[in-house]
Amino acid sequence: MNSRGREIVLGVTGGISAYKSCDLLRRLQDHGFLVTVIPTRASLNFVGVATWEALSGREIATDLWNNVHQVPHVSIAKKADAIIIAPATADILAKMAHGIADDLLTNTLLASTAPVIVVPAMHTEMWLNPATVSNIETLRSRGVVIIEPETGKLTSGDVGVGRYPESATIISGLLETLAVNSDLLGKHVLISAGGTREAIDPVRYIGNHSSGKQGYALAHAAVLRGARVTLVSANSQEPNIEGIEIIRVLSTSQMQEALEANFDEADILIMAAAVADVRPSKISAGKISKSDLLKIELIPNPDILKALSSRKKDQVVVGFAAQTEEAANGGLDIAVKKLREKGLDAIYFNDVSGGAIFGEDETSGVLITSDGAEVPISKVSKVTLANKILDLALNKLG
Ligand code: CTP
(Lines give C-alpha, C1' and ligand atoms only; values in the text may rest on other atoms or scores of the structure.)
Protein backbone atom coordinates (compact mmCIF):
# COMPACT_ATOMS: atom_id res chain seq x y z
CA MET A 1 0.00 0.00 0.00
CA ASN A 2 1.19 3.48 -0.63
CA SER A 3 1.47 5.83 2.27
CA ARG A 4 3.36 8.68 0.62
CA GLY A 5 1.73 12.04 1.15
CA ARG A 6 -0.95 10.78 3.56
CA GLU A 7 -1.71 12.88 6.59
CA ILE A 8 -1.89 11.16 9.95
CA VAL A 9 -2.82 12.65 13.30
CA LEU A 10 -0.97 10.91 16.13
CA GLY A 11 -2.79 11.54 19.41
CA VAL A 12 -0.59 10.74 22.40
CA THR A 13 -2.25 10.37 25.80
CA GLY A 14 -0.80 10.20 29.28
CA GLY A 15 0.61 6.72 29.71
CA ILE A 16 4.19 5.70 30.37
CA SER A 17 4.38 4.05 26.92
CA ALA A 18 4.11 7.55 25.37
CA TYR A 19 7.87 7.27 24.82
CA LYS A 20 7.26 4.28 22.53
CA SER A 21 5.18 6.55 20.29
CA CYS A 22 8.39 8.40 19.42
CA ASP A 23 9.46 5.24 17.60
CA LEU A 24 5.97 4.89 16.08
CA LEU A 25 6.25 8.44 14.71
CA ARG A 26 9.62 7.62 13.13
CA ARG A 27 8.33 4.41 11.56
CA LEU A 28 5.26 6.24 10.21
CA GLN A 29 7.62 8.75 8.58
CA ASP A 30 9.67 5.87 7.13
CA HIS A 31 6.47 4.82 5.37
CA GLY A 32 6.13 8.34 3.97
CA PHE A 33 3.26 9.42 6.22
CA LEU A 34 3.08 13.09 7.16
CA VAL A 35 2.37 13.21 10.88
CA THR A 36 0.83 15.88 13.09
CA VAL A 37 1.23 14.99 16.76
CA ILE A 38 -1.38 16.09 19.30
CA PRO A 39 -0.19 15.24 22.80
CA THR A 40 -2.63 15.61 25.70
CA ARG A 41 -1.53 17.70 28.67
CA ALA A 42 -1.06 14.58 30.82
CA SER A 43 1.16 12.95 28.20
CA LEU A 44 3.59 15.89 28.35
CA ASN A 45 4.69 14.53 31.74
CA PHE A 46 6.21 11.64 29.82
CA VAL A 47 7.32 13.17 26.49
CA GLY A 48 7.58 16.93 26.03
CA VAL A 49 6.63 19.26 23.20
CA ALA A 50 10.28 19.76 22.16
CA THR A 51 10.68 16.04 21.42
CA TRP A 52 7.53 15.93 19.32
CA GLU A 53 8.44 19.08 17.42
CA ALA A 54 11.96 17.83 16.70
CA LEU A 55 10.76 14.39 15.60
CA SER A 56 7.76 15.48 13.55
CA GLY A 57 9.31 18.64 12.12
CA ARG A 58 5.98 20.33 12.75
CA GLU A 59 4.68 22.79 15.30
CA ILE A 60 2.89 21.02 18.14
CA ALA A 61 -0.45 22.27 19.32
CA THR A 62 -1.76 21.00 22.64
CA ASP A 63 -4.31 23.62 23.40
CA LEU A 64 -7.66 24.44 21.82
CA TRP A 65 -7.13 28.07 22.76
CA ASN A 66 -4.00 28.74 20.70
CA ASN A 67 -4.42 30.10 17.16
CA VAL A 68 -8.18 30.15 17.65
CA HIS A 69 -8.66 32.04 14.37
CA GLN A 70 -7.43 28.94 12.52
CA VAL A 71 -9.96 26.72 14.35
CA PRO A 72 -7.17 24.15 14.80
CA HIS A 73 -9.34 21.15 15.73
CA VAL A 74 -11.37 21.56 12.53
CA SER A 75 -8.43 22.28 10.22
CA ILE A 76 -6.39 19.36 11.59
CA ALA A 77 -9.45 17.07 11.48
CA LYS A 78 -10.18 17.97 7.85
CA LYS A 79 -6.76 17.12 6.48
CA ALA A 80 -6.34 13.87 8.44
CA ASP A 81 -6.48 10.65 6.43
CA ALA A 82 -6.44 8.72 9.72
CA ILE A 83 -6.12 9.37 13.44
CA ILE A 84 -4.08 7.05 15.63
CA ILE A 85 -4.35 7.33 19.41
CA ALA A 86 -1.23 5.69 20.83
CA PRO A 87 -0.97 5.07 23.66
CA ALA A 88 -4.66 5.32 24.50
CA THR A 89 -5.34 5.53 28.21
CA ALA A 90 -8.53 4.33 29.90
CA ASP A 91 -9.40 8.00 30.26
CA ILE A 92 -9.31 8.80 26.54
CA LEU A 93 -11.30 5.63 25.76
CA ALA A 94 -14.00 6.81 28.21
CA LYS A 95 -14.01 10.30 26.72
CA MET A 96 -14.25 8.97 23.17
CA ALA A 97 -17.06 6.57 24.08
CA HIS A 98 -19.06 9.47 25.54
CA GLY A 99 -18.18 12.11 22.98
CA ILE A 100 -16.48 14.35 25.51
CA ALA A 101 -14.53 17.18 23.91
CA ASP A 102 -12.45 19.08 26.44
CA ASP A 103 -9.09 19.50 24.73
CA LEU A 104 -7.55 19.71 21.26
CA LEU A 105 -7.30 15.96 20.75
CA THR A 106 -10.86 15.11 21.79
CA ASN A 107 -12.26 18.02 19.76
CA THR A 108 -10.25 16.89 16.72
CA LEU A 109 -11.62 13.37 17.14
CA LEU A 110 -15.20 14.64 17.14
CA ALA A 111 -14.60 16.98 14.20
CA SER A 112 -13.05 14.29 12.01
CA THR A 113 -14.62 11.73 9.70
CA ALA A 114 -11.30 9.92 9.16
CA PRO A 115 -10.79 6.35 10.36
CA VAL A 116 -9.64 6.16 13.98
CA ILE A 117 -7.22 3.56 15.33
CA VAL A 118 -6.64 3.28 19.07
CA VAL A 119 -3.75 1.53 20.76
CA PRO A 120 -4.79 0.99 24.38
CA ALA A 121 -1.94 0.47 26.84
CA MET A 122 -2.58 0.33 30.57
CA HIS A 123 -2.39 -1.84 33.62
CA THR A 124 -4.25 -5.16 33.30
CA GLU A 125 -6.90 -4.32 35.90
CA MET A 126 -7.74 -1.08 34.14
CA TRP A 127 -7.98 -2.83 30.76
CA LEU A 128 -10.25 -5.54 32.17
CA ASN A 129 -12.38 -3.15 34.21
CA PRO A 130 -16.02 -3.42 33.05
CA ALA A 131 -16.09 0.33 32.36
CA THR A 132 -13.14 0.05 29.93
CA VAL A 133 -14.53 -3.17 28.41
CA SER A 134 -17.85 -1.45 27.76
CA ASN A 135 -16.16 1.67 26.32
CA ILE A 136 -14.11 -0.51 23.96
CA GLU A 137 -17.29 -2.28 22.82
CA THR A 138 -18.96 1.07 22.16
CA LEU A 139 -15.99 2.32 20.16
CA ARG A 140 -15.81 -0.91 18.15
CA SER A 141 -19.51 -0.67 17.33
CA ARG A 142 -18.81 2.79 15.88
CA GLY A 143 -16.07 1.46 13.61
CA VAL A 144 -13.06 2.50 15.66
CA VAL A 145 -10.19 0.07 15.04
CA ILE A 146 -8.77 -1.31 18.29
CA ILE A 147 -5.24 -2.67 18.23
CA GLU A 148 -5.36 -5.05 21.18
CA PRO A 149 -2.71 -4.61 23.85
CA GLU A 150 -0.19 -7.42 24.19
CA THR A 151 0.48 -9.64 27.15
CA GLY A 152 3.81 -9.33 28.94
CA LYS A 153 5.73 -7.41 31.55
CA LEU A 154 4.07 -4.13 32.58
CA THR A 155 5.70 -1.01 34.03
CA SER A 156 4.42 -1.86 37.50
CA GLY A 157 6.47 -5.06 37.37
CA ASP A 158 3.33 -7.18 37.00
CA VAL A 159 2.85 -9.51 34.08
CA GLY A 160 -0.43 -9.39 32.18
CA VAL A 161 -2.39 -7.94 29.29
CA GLY A 162 -1.99 -4.22 28.64
CA ARG A 163 1.38 -3.80 26.93
CA TYR A 164 1.89 -1.35 24.09
CA PRO A 165 2.47 -3.36 20.88
CA GLU A 166 5.42 -3.05 18.48
CA SER A 167 5.32 -0.10 16.06
CA ALA A 168 5.18 -2.59 13.17
CA THR A 169 1.93 -4.09 14.52
CA ILE A 170 0.33 -0.65 14.75
CA ILE A 171 1.48 0.32 11.26
CA SER A 172 0.15 -2.85 9.69
CA GLY A 173 -3.21 -2.11 11.37
CA LEU A 174 -3.10 1.37 9.88
CA LEU A 175 -2.17 0.15 6.40
CA GLU A 176 -5.00 -2.37 6.50
CA THR A 177 -7.48 0.29 7.63
CA LEU A 178 -6.40 2.77 4.99
CA ALA A 179 -6.32 0.17 2.19
CA VAL A 180 -6.07 2.57 -0.68
CA ASN A 181 -5.36 2.35 -4.33
CA SER A 182 -1.60 2.13 -4.85
CA ASP A 183 -1.58 1.22 -8.51
CA LEU A 184 1.15 3.75 -9.36
CA LEU A 185 3.64 2.39 -6.83
CA GLY A 186 7.08 2.20 -8.48
CA LYS A 187 6.10 4.55 -11.30
CA HIS A 188 7.69 7.94 -11.89
CA VAL A 189 5.20 10.55 -13.08
CA LEU A 190 6.56 13.77 -14.56
CA ILE A 191 4.07 16.64 -14.68
CA SER A 192 4.27 20.23 -15.87
CA ALA A 193 1.99 22.87 -14.38
CA GLY A 194 1.26 26.58 -14.58
CA GLY A 195 2.21 28.93 -17.38
CA THR A 196 5.65 29.93 -18.60
CA ARG A 197 6.58 33.62 -18.82
CA GLU A 198 8.98 35.24 -21.23
CA ALA A 199 10.67 38.36 -19.97
CA ILE A 200 10.50 41.39 -22.29
CA ASP A 201 12.40 43.72 -19.97
CA PRO A 202 12.85 43.91 -16.17
CA VAL A 203 9.17 44.93 -15.85
CA ARG A 204 7.12 43.12 -18.47
CA TYR A 205 6.63 39.59 -19.69
CA ILE A 206 4.62 37.53 -22.16
CA GLY A 207 2.50 35.05 -20.20
CA ASN A 208 -0.90 33.43 -19.81
CA HIS A 209 -3.65 32.87 -17.26
CA SER A 210 -2.81 29.27 -16.30
CA SER A 211 -3.13 28.86 -12.50
CA GLY A 212 -1.40 25.49 -12.28
CA LYS A 213 -4.41 23.93 -10.53
CA GLN A 214 -4.78 21.05 -12.99
CA GLY A 215 -1.08 20.16 -12.86
CA TYR A 216 -1.07 20.26 -9.06
CA ALA A 217 -4.25 18.13 -8.96
CA LEU A 218 -2.47 15.58 -11.16
CA ALA A 219 0.59 15.62 -8.89
CA HIS A 220 -1.53 15.15 -5.79
CA ALA A 221 -3.61 12.36 -7.28
CA ALA A 222 -0.48 10.57 -8.53
CA VAL A 223 1.35 10.74 -5.19
CA LEU A 224 -1.71 9.39 -3.36
CA ARG A 225 -1.68 6.44 -5.76
CA GLY A 226 1.93 5.64 -4.88
CA ALA A 227 3.81 7.34 -7.68
CA ARG A 228 7.09 9.12 -7.37
CA VAL A 229 6.18 12.57 -8.69
CA THR A 230 8.29 15.32 -10.20
CA LEU A 231 6.33 18.51 -10.81
CA VAL A 232 7.81 21.23 -12.98
CA SER A 233 5.84 24.26 -11.90
CA ALA A 234 5.85 27.56 -13.75
CA ASN A 235 4.62 30.65 -11.91
CA SER A 236 1.87 28.91 -9.94
CA GLN A 237 0.53 30.15 -6.61
CA GLU A 238 -0.72 26.70 -5.63
CA PRO A 239 0.45 25.48 -2.20
CA ASN A 240 3.31 23.00 -2.02
CA ILE A 241 2.47 19.31 -1.94
CA GLU A 242 4.58 17.43 0.58
CA GLY A 243 6.16 14.20 -0.59
CA ILE A 244 6.76 15.26 -4.19
CA GLU A 245 9.68 16.93 -5.94
CA ILE A 246 8.77 20.41 -7.18
CA ILE A 247 11.06 22.19 -9.63
CA ARG A 248 10.10 25.85 -9.95
CA VAL A 249 10.72 27.55 -13.27
CA LEU A 250 9.79 30.84 -14.91
CA SER A 251 10.48 30.57 -18.62
CA THR A 252 9.91 28.02 -21.35
CA SER A 253 13.61 27.21 -21.69
CA GLN A 254 13.86 26.56 -17.94
CA MET A 255 10.82 24.29 -18.15
CA GLN A 256 12.30 22.46 -21.11
CA GLU A 257 15.58 21.93 -19.29
CA ALA A 258 13.85 20.55 -16.16
CA LEU A 259 11.61 18.22 -18.17
CA GLU A 260 14.45 16.98 -20.36
CA ALA A 261 16.53 16.17 -17.30
CA ASN A 262 13.75 13.99 -15.89
CA PHE A 263 12.06 12.52 -18.96
CA ASP A 264 14.26 9.49 -19.59
CA GLU A 265 13.60 7.93 -16.22
CA ALA A 266 9.90 8.86 -16.15
CA ASP A 267 7.14 6.38 -16.95
CA ILE A 268 4.47 8.98 -17.63
CA LEU A 269 4.72 12.60 -18.80
CA ILE A 270 1.65 14.81 -18.42
CA MET A 271 2.11 18.22 -19.95
CA ALA A 272 -0.56 20.32 -18.26
CA ALA A 273 1.41 23.58 -18.42
CA ALA A 274 0.46 26.37 -20.76
CA VAL A 275 3.67 27.13 -22.59
CA ALA A 276 4.30 30.61 -24.01
CA ASP A 277 4.58 29.99 -27.74
CA VAL A 278 6.85 32.94 -28.44
CA ARG A 279 9.50 35.02 -26.70
CA PRO A 280 11.29 38.27 -27.46
CA SER A 281 14.42 37.68 -29.53
CA LYS A 282 16.35 39.42 -26.77
CA ILE A 283 15.53 40.49 -23.21
CA SER A 284 16.15 44.21 -22.76
CA ALA A 285 18.31 45.09 -19.76
CA GLY A 286 16.42 48.35 -19.26
CA LYS A 287 12.69 49.10 -19.36
CA ILE A 288 11.59 49.51 -22.97
CA SER A 289 9.84 52.80 -23.73
CA LYS A 290 6.21 52.74 -24.80
CA SER A 291 7.10 53.83 -28.30
CA ASP A 292 9.61 50.98 -28.75
CA LEU A 293 7.27 48.26 -27.51
CA LEU A 294 5.80 47.69 -30.95
CA LYS A 295 9.25 47.01 -32.32
CA ILE A 296 9.86 43.95 -30.15
CA GLU A 297 10.86 41.05 -32.33
CA LEU A 298 9.27 37.76 -31.33
CA ILE A 299 10.73 34.34 -32.02
CA PRO A 300 9.02 30.95 -31.56
CA ASN A 301 9.69 28.83 -28.49
CA PRO A 302 10.53 25.17 -28.97
CA ASP A 303 7.61 22.77 -28.68
CA ILE A 304 8.69 20.95 -25.50
CA LEU A 305 6.05 18.25 -25.72
CA LYS A 306 6.76 17.40 -29.34
CA ALA A 307 10.49 17.24 -28.71
CA LEU A 308 10.12 14.97 -25.68
CA SER A 309 7.58 12.67 -27.26
CA SER A 310 9.85 12.21 -30.32
CA ARG A 311 12.51 10.67 -28.07
CA LYS A 312 10.20 8.55 -25.93
CA LYS A 313 10.94 4.90 -25.30
CA ASP A 314 8.20 3.26 -23.25
CA GLN A 315 6.81 6.43 -21.71
CA VAL A 316 3.15 7.34 -21.93
CA VAL A 317 2.84 10.97 -22.99
CA VAL A 318 -0.28 13.06 -22.39
CA GLY A 319 -0.85 16.63 -23.57
CA PHE A 320 -3.44 19.32 -23.08
CA ALA A 321 -5.08 21.42 -25.75
CA ALA A 322 -6.63 24.63 -24.50
CA GLN A 323 -9.06 25.73 -27.20
CA THR A 324 -11.58 28.54 -27.48
CA GLU A 325 -13.48 26.74 -30.24
CA GLU A 326 -16.20 24.51 -28.80
CA ALA A 327 -15.80 20.77 -29.31
CA ALA A 328 -18.62 20.61 -31.83
CA ASN A 329 -17.28 23.57 -33.80
CA GLY A 330 -13.89 22.22 -34.75
CA GLY A 331 -12.21 22.32 -31.34
CA LEU A 332 -12.11 18.56 -31.18
CA ASP A 333 -10.52 18.25 -34.63
CA ILE A 334 -7.78 20.67 -33.61
CA ALA A 335 -7.08 18.64 -30.48
CA VAL A 336 -6.91 15.38 -32.47
CA LYS A 337 -4.52 17.06 -34.91
CA LYS A 338 -2.28 18.14 -32.02
CA LEU A 339 -2.36 14.59 -30.62
CA ARG A 340 -1.14 13.22 -34.00
CA GLU A 341 1.43 15.94 -34.70
CA LYS A 342 2.96 15.74 -31.24
CA GLY A 343 2.90 11.91 -31.19
CA LEU A 344 0.85 11.69 -27.97
CA ASP A 345 -0.90 8.78 -26.31
CA ALA A 346 -3.72 11.05 -25.18
CA ILE A 347 -4.75 14.68 -25.13
CA TYR A 348 -7.29 16.53 -23.02
CA PHE A 349 -9.31 18.96 -25.08
CA ASN A 350 -9.95 21.79 -22.68
CA ASP A 351 -12.71 24.22 -23.61
CA VAL A 352 -11.40 27.57 -22.35
CA SER A 353 -13.75 29.82 -24.30
CA GLY A 354 -14.57 33.03 -22.46
CA GLY A 355 -11.72 32.50 -19.97
CA ALA A 356 -13.47 29.43 -18.52
CA ILE A 357 -11.40 26.84 -16.62
CA PHE A 358 -8.44 29.09 -15.71
CA GLY A 359 -8.13 29.26 -11.92
CA GLU A 360 -11.30 27.23 -11.39
CA ASP A 361 -11.66 23.97 -9.50
CA GLU A 362 -13.83 22.31 -12.14
CA THR A 363 -13.14 21.40 -15.74
CA SER A 364 -15.07 20.32 -18.82
CA GLY A 365 -13.69 18.92 -22.05
CA VAL A 366 -12.99 15.69 -23.93
CA LEU A 367 -10.26 13.15 -23.19
CA ILE A 368 -9.03 11.78 -26.50
CA THR A 369 -6.74 8.78 -26.90
CA SER A 370 -4.45 7.81 -29.77
CA ASP A 371 -6.73 4.87 -30.58
CA GLY A 372 -9.58 7.27 -31.30
CA ALA A 373 -11.61 6.99 -28.08
CA GLU A 374 -13.26 10.22 -26.97
CA VAL A 375 -14.47 10.49 -23.37
CA PRO A 376 -16.58 13.58 -22.68
CA ILE A 377 -15.81 15.21 -19.33
CA SER A 378 -18.54 17.43 -17.96
CA LYS A 379 -18.03 19.73 -14.96
CA VAL A 380 -15.87 17.45 -12.83
CA SER A 381 -13.26 18.53 -10.29
CA LYS A 382 -9.71 18.83 -11.57
CA VAL A 383 -8.83 15.99 -9.16
CA THR A 384 -11.41 13.72 -10.81
CA LEU A 385 -10.00 14.53 -14.23
CA ALA A 386 -6.50 13.91 -12.85
CA ASN A 387 -7.48 10.40 -11.78
CA LYS A 388 -9.11 9.68 -15.15
CA ILE A 389 -5.91 10.75 -16.94
CA LEU A 390 -3.81 8.60 -14.60
CA ASP A 391 -6.16 5.60 -15.15
CA LEU A 392 -5.75 6.02 -18.86
CA ALA A 393 -1.95 6.45 -18.68
CA LEU A 394 -1.61 3.37 -16.47
CA ASN A 395 -3.76 1.39 -18.84
CA LYS A 396 -1.50 2.40 -21.76
CA LEU A 397 1.60 1.45 -19.76
CA GLY A 398 0.13 -2.03 -19.47
N1 CTP B 1 3.27 22.70 -25.55
C2 CTP B 1 4.65 22.56 -25.40
N3 CTP B 1 5.51 23.49 -25.88
C4 CTP B 1 5.05 24.57 -26.55
C5 CTP B 1 3.65 24.73 -26.71
C6 CTP B 1 2.81 23.77 -26.20
O7 CTP B 1 5.09 21.58 -24.79
N8 CTP B 1 5.89 25.46 -27.03
C9 CTP B 1 2.37 21.67 -25.02
C10 CTP B 1 1.38 22.15 -23.99
O11 CTP B 1 1.87 21.98 -22.68
C12 CTP B 1 0.18 21.26 -24.22
C13 CTP B 1 0.25 20.95 -25.69
O14 CTP B 1 1.60 21.20 -26.08
O15 CTP B 1 0.25 20.05 -23.51
C16 CTP B 1 -0.68 21.74 -26.54
O17 CTP B 1 -0.43 23.09 -26.38
P18 CTP B 1 -1.14 24.21 -27.25
O19 CTP B 1 -0.57 25.51 -26.89
O20 CTP B 1 -2.61 24.05 -27.16
O21 CTP B 1 -0.71 23.78 -28.65
P22 CTP B 1 0.20 24.44 -29.69
O23 CTP B 1 0.92 23.32 -30.31
O24 CTP B 1 1.03 25.51 -29.10
O25 CTP B 1 -0.86 25.02 -30.69
P26 CTP B 1 -1.57 26.43 -30.85
O27 CTP B 1 -1.02 27.34 -29.78
O28 CTP B 1 -1.23 26.84 -32.20
O29 CTP B 1 -3.03 26.16 -30.66
Side-chain angles (χ1 to χ4, degrees), residues 189-199 205-219 222 230-236 247 249-263 266 268-281 298-312 315-327 329-353 355-358 363-370 377 382 385-386 388-390 392-393 396:
V189 183
L190 179 60
I191 299 165
S192 71
T196 58
R197 289 179 186 169
E198 303 301 342
Y205 60 81
I206 298 171
N208 58 69
H209 291 303
S210 178
S211 64
K213 279 195 171 166
Q214 185 61 68
Y216 275 70
L218 279 157
T230 303
L231 178 67
V232 180
S233 168
N235 308 297
S236 173
I247 304 173
V249 297
L250 302 171
S251 66
T252 303
S253 67
Q254 289 170 351
M255 175 168 276
Q256 183 169 30
E257 198 182 310
L259 289 171
E260 278 180 350
N262 283 281
F263 183 68
I268 298 168
L269 166 69
I270 307 173
M271 193 74 193
V275 180
D277 288 305
V278 294
R279 66 175 188 274
S281 58
L298 298 176
I299 55 169
N301 265 330
D303 189 320
I304 305 176
L305 186 55
K306 197 172 176 181
L308 288 175
S309 119
S310 71
R311 65 175 231 220
K312 74 173 182 183
Q315 290 98 330
V316 171
V317 177
V318 181
F320 274 66
Q323 305 298 145
T324 49
E325 305 81 2
E326 284 176 22
N329 301 332
L332 213 51
D333 293 344
I334 297 174
V336 171
K337 196 163 163 253
K338 284 182 182 175
L339 176 138
R340 299 260 153 74
E341 283 175 0
K342 299 192 190 216
L344 309 178
D345 294 287
I347 196 162
Y348 179 61
F349 161 78
N350 211 346
D351 179 1
V352 295
S353 46
I357 309 293
F358 290 121
T363 177
S364 293
V366 183
L367 193 51
I368 309 161
T369 57
S370 53
I377 306 286
K382 288 184 174 175
L385 174 66
K388 282 186 194 293
I389 291 174
L390 292 169
L392 191 150
K396 290 252 174 202

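Atoms within a ligand are numbered from 1 in the order they appear, just like the ligands themselves. Bear in mind that the values here come from a model prediction, so they are computed numbers and not experimental data. Throughout, numbering of the chain's residues begins at 1 and tracks the sequence.
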Original post:
Touching ligand 1 at all, E341? Heavy atoms, strictly under 4.0 Å?
Top reply: no
Subject >> Shortest protein contact, atom 2 (C) of ligand 1 (heavy atom only) >> reply: D303 OD1, 3.5 Å
**OP:** For ligand 1, find out whether one of its N or O atoms is nearer than 3.5 Å to an N or O atom of L305.
**Re:** yes
Original post:
So is F320 polar-close to ligand 1, meaning N/O to N/O under 3.5 Å?
Top reply: yes
Original post:
So, E198 versus N301: side-chain donor-acceptor pair below 3.5 Å or not?
Top reply: yes
Subject >> L339 to T369 - nearest heavy-atom pair and separation >> reply: CD1-C, 4.0 Å
Subject >> Within-cut-off N or O pair, A273 and ligand 1, under 3.5 Å >> reply: yes
Subject >> Among E260, E257, K342, Q256, side-chain contact (heavy atoms from CB on, under 4.5 Å) partner for I304 >> reply: Q256
**OP:** Identify the two heavy atoms, one from S309 and one from V317, that lie closest to each other, and give their separation to 0.1 Å.
**Re:** CB-CG1, 4.0 Å
**OP:** Could you say whether the N/O atoms of I304 and ligand 1 ever approach to under 3.5 Å?
**Re:** yes
Subject >> K338/D303 ion pair, N-O < 4.0 Å >> reply: no
Subject >> For ligand 1, the portion of K306 having any non-hydrogen atom under 4.0 Å away >> reply: neither
**OP:** For atom 28 (O) of ligand 1, state whether the nearest protein heavy atom is under 4.0 Å away.
**Re:** no
**OP:** Take L190 and L259, measure what side chain to side chain contact (heavy atoms under 4.5 Å, CB included) needs, and give me the verdict at the end.
**Re:** CA-CA 8 Å; L190 179 60; L259 289 171; 3.8 Å; yes
Subject >> Ligand-side contact atoms (ligand 1) for residue partner G319, heavy atom cut-off under 4.0 Å >> reply: 15 (O)
Original post:
Quick one: does P302 get within less than 4.0 Å of ligand 1, heavy atoms only?
Top reply: yes
**OP:** Record the part of D277 in heavy-atom contact with ligand 1 below 4.0 Å; permitted values are side chain, backbone, both and neither.
**Re:** side chain
**OP:** Ignoring hydrogens, just give me the one of K342, M255, R279, K338 whose non-hydrogen atom is nearest atom 23 (O) of ligand 1.
**Re:** K342
**OP:** Could you check I347 against V318 for side chain to side chain contact (heavy atoms under 4.5 Å, CB included), going step by step and ending with a plain yes or no?
**Re:** CA-CA 5 Å; I347 196 162; V318 181; over 6 Å; no
Subject >> Neighbour count >12 (heavy atoms, 6.0 Å) for atom CD, Q254 >> reply: yes
**OP:** Please check if atom NZ in K388 has more than 12 non-hydrogen atoms from other residues, nucleotides or ligands closer than 6.0 Å.
**Re:** no
Original post:
So, is M271 polar-close to ligand 1, with some N/O to N/O distance under 3.5 Å?
Top reply: yes
Subject >> Any N or O of N301 closer than 3.5 Å to N or O of ligand 1 >> reply: no
Original post:
Do we see a donor-acceptor contact under 3.5 Å between the side chains of S233 and Y216?
Top reply: yes
Subject >> Heteroatom proximity flag, Q323 to ligand 1, N/O under 3.5 Å >> reply: no
